[in-house]
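Any value given below was found using the heavy atoms of this structure, including those in side chains, with hydrogens, waters and symmetry copies removed.
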Amino acid sequence: MWLIWLLAFAALFIIGVVVFWIFSKIWISIKRDELKFQKEIKEVEEKVNA
């Protein structure tokens with residue numbers, strides 16, 4: 001019986017790690033795009049002001 005619980009816990013742990021890894025990858029790419037977008041906006045504003 002304890003083996004079933006151990007396998008279930010291991011499966012949940014693995015799923016949690018995979019979901020967390022995917023989520024962090026997506027979050028990092030979104031943040032990188034936001035920074036790039038902000039930099040482009042600043043460059044456009046500088047060109048307009050110049």
Steps toward side-chain contact (heavy atoms from CB on, under 4.5 Å) verdict (Asp33, Phe37): CA-CA 6 Å; Asp33 289 348; Phe37 188 64; over 6 Å; no
Once you round to the nearest 0.5 Å, how far does [atom1] of [X] lie from [atom2] of [Y]?
X: Trp2; Y: Phe9; atom1: CH2; atom2: CZ; answer: 14.0 Å
X: Glu46; Y: Lys42; atom1: CD; atom2: NZ; answer: 8.5 Å
X: Leu35; Y: Arg32; atom1: CG; atom2: CZ; answer: 9.5 Å

Transitive ILVMFWY side-chain link Ile26 to Val18, under 4.5 Å: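 Same cluster: Ile26 reaches Val18 through Ile, Leu, Val, Met, Phe, Trp or Tyr contacts under 4.5 Å.
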Cluster overlap Ile30 with Ile22, hydrophobic side-chain contacts below 4.5 Å: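 Same cluster: Ile30 reaches Ile22 through Ile, Leu, Val, Met, Phe, Trp or Tyr contacts under 4.5 Å.
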NZ/NE/NH1/NH2 to OD/OE distance under 4.0 Å, Lys31 and Glu34: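 Judged by the 4.0 Å cut-off on N to carboxylate O distance, Lys31 and Glu34 do form a salt bridge.
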